[in-house]
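Each chain gets a letter, A, B and so on, in the order the sequences are listed, and its residues count up from 1.
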Amino acid sequence: MNLKQNKQTDLKTAISTYVKPGCHLSIGGFTINRNPMAAVYEIIRQKIKGLHLYAHSNGQGVDELIGGHCIASLEIAYAGSGKFASTCIRFKKAVQEKQILVEDYSNYQMTLRFLAGAMGIPFLPTRSSLGSDIIRQWGFSSEMRKATPGLPDDKLKVMDNPFKDWCDTQKVVVVPAINPDVTLIHVQQADLRGNCRIQGLTFADVEQAKAAKHLIITCEEICEDDVLKTDSDRNQIPFIHADAVIHIPFGAYPTACYRYYDYDPRYLKDYAAMANNDKAHGDYLETFIHGLDDHQGLLELVGQERLKTIQADPETGYASNLDRR
Amino acid sequence: MNLKQNKQTDLKTAISTYVKPGCHLSIGGFTINRNPMAAVYEIIRQKIKGLHLYAHSNGQGVDELIGGHCIASLEIAYAGSGKFASTCIRFKKAVQEKQILVEDYSNYQMTLRFLAGAMGIPFLPTRSSLGSDIIRQWGFSSEMRKATPGLPDDKLKVMDNPFKDWCDTQKVVVVPAINPDVTLIHVQQADLRGNCRIQGLTFADVEQAKAAKHLIITCEEICEDDVLKTDSDRNQIPFIHADAVIHIPFGAYPTACYRYYDYDPRYLKDYAAMANNDKAHGDYLETFIHGLDDHQGLLELVGQERLKTIQADPETGYASNLDRR
Amino acid sequence: MDYTLKEMMTIIAAREIRNDDIVFCGTGISMLAAMAAKNINAPESVIFFETGALDSRLEELPLAVGDSRVMYKTSANGGLLDSFAAMQNPVTGRHVIGILGAAQIDKFGNLNSTVIGDYHSPEIRFSGSGGGCDVASFVPRSIIFMQHEKRKFVNRLDYLTSPGYIDGKGGRKKAGLPDGGPIMVITNLAVMRFDETTKEMYLSGVYPGITPERVLMNMEIEVDISRVKEEIPPSEKELRLLREKCDHQRLIL
Amino acid sequence: MDYTLKEMMTIIAAREIRNDDIVFCGTGISMLAAMAAKNINAPESVIFFETGALDSRLEELPLAVGDSRVMYKTSANGGLLDSFAAMQNPVTGRHVIGILGAAQIDKFGNLNSTVIGDYHSPEIRFSGSGGGCDVASFVPRSIIFMQHEKRKFVNRLDYLTSPGYIDGKGGRKKAGLPDGGPIMVITNLAVMRFDETTKEMYLSGVYPGITPERVLMNMEIEVDISRVKEEIPPSEKELRLLREKCDHQRLIL
């Protein structure tokens with residue numbers, strides 16, 4: 001956070017300033033929607049390694065970071081990209097080949113953990129996962145936890161309801177707060193100070209943003225001064241949480257950005273095919289990420305014509321009748 | 001809750017159906033803004049007694065319900081109406097004369113208690129009030145708690161952080177959930193099914209609404225069918241929580257309703273003066289509540305001219321240059 | 001009228017949905033079942049996604065619960081906190097019916113969608129819980145879609161991702177969970193339900209042409225087949241509405 | 001240039017506010033002090049209300065923190081959950097300065113805004129904590145406005161509503177609170193601060209024409225007066241900006 005009036009910067013600077021090797025990162029979005037892909041690709045391009053990633057169901061972004069060799073450990077609820085990859089492909093491979101450490105939670109638990117971080121409390125309770133292996137199986141050992149400063153000693157705990165059977169509840173699971181070193185989100189509109197306006201579902205972006213020590217925002221539109229202060233009921237994240245704001249049209253591409261563009265089914269299908277093969281995936285990294293200067297490079301590679309096909313219908317907010325087979 | 005397509009009704013029916021003598025009630029709004037005053041006056045008019053009221057800082061509504069002899073017990077954080085009554089007048093009198101039982105919390109604690117109820121968990125943690133008399137002094141005795149089905153056995157509890165010193169926190173206060181029998185809120189717009197759109201600050205209305213077993217909504221504008229489904233990012237309370245929707249323009253009067261009208265300084269000042277004297281307050285109840293058929297009666301008594309002075313400026317959302325001395 | 005297996009499965013699930021249900025949907029066939037119910041037998045039922053979309057107007061079939069198509073003309077566009085809170089909420093949550101899938105299921109309806117093999121050295125890694133564990137924990141009724149294969153109906157799950165009846169009658173209460181659990185399992189061969197007393201799975205219906213023996217051959221677990229009936233195929237009207245209103249782009253069917 | 005006592009008190013508080021502060025405001029003089037800071041010495045400081053309004057454009061003075069005037073051209077219009085979470089949040093909360101008032105204060109800066117007399121049979125009942133206890137619990141710095149009267153500066157509070165330093169050095173830590181506490185008390189006679197070692201209140205400034213002895217006469221508690229200085233009255237510029245920009249309708253001044 002800072003209270004500066006102008007936090008606009010470029011993506012290379014923002015990533016190199018805040019995303020340090022080994023740091024604890026979270027990214028916004030959900031499966032194939034509003035993932036901060038420009039920022040994800042920039043992290044891969046800068047070859048930042050050893051990241052500890054917190055995710056609920058941030059599909060495509062998670063898989064690309066893993067495939068890009070940036071991730072050492074992962075706390076996650078769901079790694080899938082809808083119809084394009086029921087299990088994220090590079091994730092699956094990396095876990096099966098033990099290239100990354102992974103620890104499982106549920107979506108609600110991960111969201112509560114970000115919320116606890118945002119609220120400044122060490123934990124939140126839920127009844128979810130009682131009786132399940134999410135409680136019994138820890139991905140990170142006690143030893144690793146104790147040796148890693150940013151991790152709590154316990155994955156989660158089951159405790160008795162301190163108010164007897166109030167709310168017909170005898171037990172709860174308490175999940176520990178997360179305060180990521182950096183959260184990356186992509187939003188429809190932000191202003192120079194970092195006030196954010198998300199359109200459509202917010203997923204867990206608001207909690208992830210407020211829980212973070214540093215918040216990097218990429219946006220489709222950057223607004224001068226007071227534009228977003230008019231009708232501020234629509235702003236979900238106030239500027240006090242923001243560190244850097246970067247204007248990147250199509251910054252969520254190839255995932256969707258409601259009311260701006262849809263996901264690109266062809267890109268996601270091609271990605272899935274290439275991710276399935278190590279050689280092809282190596283070529284993918286070279287051609288689509290390392291061989292390009294920046295996100296603009298990717299957009300040029302894909303071409304205006306493709307981007308036109310995914311342009312959002314102003315009525316529905318997605319690309320109606322897009323060929324998604 | 002119910003999933004009916006049309007929940008529109010009249011206020012007399014809604015109040016008599018859901019607000020039963022002795023039931024546990026919460027009302028929305030904050031001090032002198034968006035209190036559900038039409039519903040409050042209707043409760044007084046129907047002489048519903050022995051209510052257990054949950055409030056954070058719902059000033060004017062709380063004081064009128066107490067003055068109207070409807071309240072037996074009260075859990076509250078703050079009883080004040082801004083400049084018009086730094087301590088709510090009938091509240092002060094009732095507590096000093098031991099006509100009602102009162103138990104004190106902080107604003108955040110009350111909000112967390114509604115949130116816990118909305119989330120379906122028995123408690124939420126905070127660091128607020130550690131070391132204070134809010135923890136030590138209970139308004140309701142252990143015996144009363146045990147004898148009252150809707151109350152938890154403990155006011156609140158202090159517990160050690162189950163995750164050691166995670167988040168630099170050694171102890172937390174846990175506050176028990178509230179699930180009121182009925183919550184009353186007044187909103188700018190609602191549709192026939194009960195989707196709500198609040199403009200300006202939401203206070204704790206959203207949590208109070210979602211925590212309730214029954215939700216009664218009064219609104220400035222009632223919308224047909226799909227009007228609010230367009231641009232639904234702005235709807236804070238979905239219809240699944242709602243039981244009854246009543247169209248009552250000026251339903252928050254004499255408190256404010258952002259973008260519709262301001263508080264009426266003259267009414268609030270006159271009320272404060274009358275509330276200060278038992279005889280005058282008796283006359284107030286007779287003239288302004290019992291002697292009238294409904295809220296429309298109050299608006300007619302006050303007169304169009306007065307209402308015009310508090311009409312909201314379309315730019316600012318309040319009545320600019322209103323005489324508020 | 002001809003119908004496919006997927007259509008049969010979808011319609012069987014849809015018939016279970018009532019007018020006062022809030023339907024928690026995943027992607028694929030579960031979303032289709034919810035849409036079918038709304039268009040056929042439960043017009044007032046409410047479609048609901050873990051991403052925070054409530055009562056979406058689904059003009060096109062979403063390919064993920066995070067698809068922008070779930071955001072169009074909702075009653076509210078919230079986030080994950082809103083959706084799961086509504087399921088855990090003691091008032092609204094009791095109206096939610098969940099539709100889930102998994103890689104493995106045991107006789108008490110517990111689900112695995114995390115790993116095959118050891119958790120730390122898995123042979124196969126799946127997506128993980130997502131909201132599945134949350135839904136299974138919170139809601140009073142759920143429907144489970146499965147492929148009917150021996151390695152999927154197992155005596156012991158490799159990982160218990162989403163609780164069903166845990167170890168049978170009283171298992172949920174002992175674990176601290178609210179009342180609930182799966183009401184049925186719909187596969188490519190048959191329909192299983194759960195005994196009221198033991199909470200064990202039994203074969204309640206087979207599709208035309210499928211024998212109970214064939215069903216058993218495709219399960220590691222043994223289930224009672226004494227109560228089995230033949231399932232009623234989708235009607236012409238059901239098929240027409242399903243095809244025209246729910247997946248006219250043929251993305252799933 | 002002539003000035004009133006209220007103007008003096010407002011300006012002294014305003015001077016304490018820095019450019020990187022998020023200022024938690026109540027009603028009345030505390031709101032005026034925050035507005036004065038923003039208009040005079042800390043233009044980038046952010047005004048913030050417990051009701052959920054952040055960075056309001058205050059064209060007119062709100063008469064309550066729930067006044068619609070706090071909702072105009074904010075950075076975000078949230079609710080109580082948002083505002084208190086931002087104060088308890090380990091990142092943003094450390095930038096918040098609270099401005100509070102009370103009916104009683106003790107030498108460790110603990111506040112009573114609940115009752116005079118016994119809690120169950122109060123002689124005088126006040127409004128209660130509101131967000132006061134929350135702010136006092138969470139934030140690293142707070143400023144307290146008080147009327148300087150013997151019955152208000154007491155040895156023992158009738159009710160501890162909002163924690164200051166509890167029982168002195170280390171008191172907050174022992175209670176489980178984050179670092180923080182009041183930095184000063186501004187009254188109609190003087191300014192008190194808190195000793196770094198003992199966390200006890202001492203007299204740090206008196207207004208022109210007020211003697212330390214007169215201050216002591218108006219307190220039940222004894223405070224060190226050895227460090228007292230005379231407070232600098234509001235400058236012409238401060239007064240002009242205060243009068244013209246902050247309360248031109250003269251609702252508080």
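Of the listed residues A:G29, A:A77, A:S128, the one with more heavy-atom pairs under 4.5 angstrom with chain C than any other is A:S128. When each of C:G128, C:A175, C:G79, C:A64 is checked for heavy-atom pairs under 4.5 Å with chain A, C:A175 comes out on top. Per-residue counts of heavy-atom pairs under 4.5 Å with chain A were compared for C:A76, C:S113, C:G132, C:P122; the largest is that of C:P122. Counting heavy-atom pairs closer than 4.5 Å to chain C, the top residue among A:F84, A:Y108, A:F91 is A:Y108. Most heavy-atom pairs under 4.5 Å with chain A: of the set C:N77, C:L63, C:T114, this distinction falls to C:L63. When the candidates A:R325, A:E315, A:Q170 are compared by the number of heavy-atom contacts under 4.5 Å with chain C, A:E315 comes out ahead. When each of C:E60, C:Q88, C:R69 is checked for heavy-atom pairs under 4.5 Å with chain A, C:R69 comes out on top. Most heavy-atom pairs under 4.5 Å with chain C: of the set A:C257, A:S129, A:A312, A:P265, this distinction falls to A:S129. Per-residue heavy-atom pair counts under 4.5 Å with chain A were compared for C:S137, C:G66, C:S127, and the maximum is reached by C:S127. Considering only heavy-atom pairs separated by less than 4.5 Å from chain C, the leading option among A:A85, A:G82, A:S132, A:C88 is A:S132. Between chain A and the residues C:L177, C:V135, C:V65, C:T27, the largest count of heavy-atom pairs under 4.5 Å involves C:L177. Each of A:R127, A:M110, A:R259 has some count of heavy-atom pairs under 4.5 Å with chain C, and the biggest count is that of A:R127.
Across A:Q199, A:H186, A:Q189, A:Q188, a single residue satisfies side-chain hydrogen bond (donor to acceptor under 3.5 Å, both in side chains) together with A:E220, and that is A:H186. With A:Y263 as the fixed residue, the side-chain hydrogen bond (donor to acceptor under 3.5 Å, both in side chains) test singles out one of A:Q60, A:R34, A:R324: A:R324.
No side-chain heavy atom of A:F203 sits less than 4.5 Å from a side-chain heavy atom of A:Q208. Within the 4.5 Å cutoff, the side chain of C:L189 has heavy atoms near those of the C:N218 side chain. Contact annotation: the side chain of A:Y253 approaches that of A:I310 to within less than 4.5 Å [non-hydrogen atoms, C-beta and beyond]. Considering only heavy atoms from C-beta on, C:Q147 comes within 4.5 Å of C:E149 through its side chain. The shortest distance between side-chain heavy atoms of C:K174 and C:I166 does not fall below 4.5 Å. Side-chain contact between C:F153 and C:V185 is present, with at least one heavy-atom pair separated by less than 4.5 Å. With a 4.5 Å cut-off on side-chain heavy atoms, A:H56 and A:Y78 do not count as touching. C:M146 is not listed as a side-chain neighbour of C:I186, based on a closest heavy-atom distance of 4.5 Å or more.
A salt bridge does not link A:R90 to A:E64: none of the charged nitrogens lies less than 4.0 Å from a carboxylate oxygen. Salt bridge A:E75/A:R113: present, at least one basic N to carboxylate O contact under 4.0 Å. Electrostatic pairing of C:D21 and C:R141 counts as a salt bridge here, judged by a charged N lying under 4.0 Å from a carboxylate O.
Note on ring orientation: taking the six-membered ring where Trp is involved, the planes of A:Y54 and A:F114 are perpendicular (angle over 60°, cut-offs 30° and 60°).
Residues of residues 93-107 of chain A that come closer than 4.5 Å to chain C, counting heavy atoms only, are A:V95, A:Q96, A:K98, A:V102, A:E103, A:D104, A:Y105, A:S106, A:N107, ordered by residue number.
In this structure, no portion of C:A136 lies under 4.5 Å from any heavy atom of chain A. A:S86 touches chain C through its backbone: at least one of N, CA, C or O sits under 4.5 Å from a heavy atom, while the side chain does not. Heavy atoms closer than 4.5 Å to chain C are found in both the backbone and the side chain of A:L201. For a residue to count as touching a neighbouring chain, one of its non-hydrogen atoms must lie under 4.5 Å from one of that chain's; by this rule A:I134 touches chain C with backbone and side chain alike. Heavy atoms of C:I124 lying under 4.5 Å from chain A belong to its backbone as well as its side chain. Proximity to chain C is limited to the side chain of A:R136, based on heavy atoms less than 4.5 angstrom apart. With a 4.5 Å cut-off on non-hydrogen atoms, C:Y159 touches chain A through its backbone and its side chain both. At a 4.5 Å heavy-atom cutoff, the contact between A:E207 and chain C is made by side-chain atoms alone. Residue A:S320 touches chain C through both its backbone and its side chain, counting heavy-atom pairs closer than 4.5 Å. In this structure, the portions of C:F126 lying under 4.5 Å from any heavy atom of chain A include both its backbone and its side chain. For A:N321, the parts lying near chain C are the backbone and the side chain together; criterion is any non-hydrogen pair under 4.5 Å. Both the backbone and the side chain of A:T126 come within contact range of chain C, with heavy atoms under 4.5 Å apart.
Judged by distance alone, the side chains of A:S26 and A:T183 do bring a donor and an acceptor atom under 3.5 Å apart.
Taking the ring centroids of C:F194 and C:Y165, they lie under the 6.0 Å cut-off.
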Open item on the list: Using side chain to side chain contact (heavy atoms under 4.5 Å, CB included), reason through A:N33 and C:S68 one step at a time and then give a plain yes or no.
Closed with: CA-CA 7 Å; A:N33 210 316; C:S68 296; 3.1 Å; yes
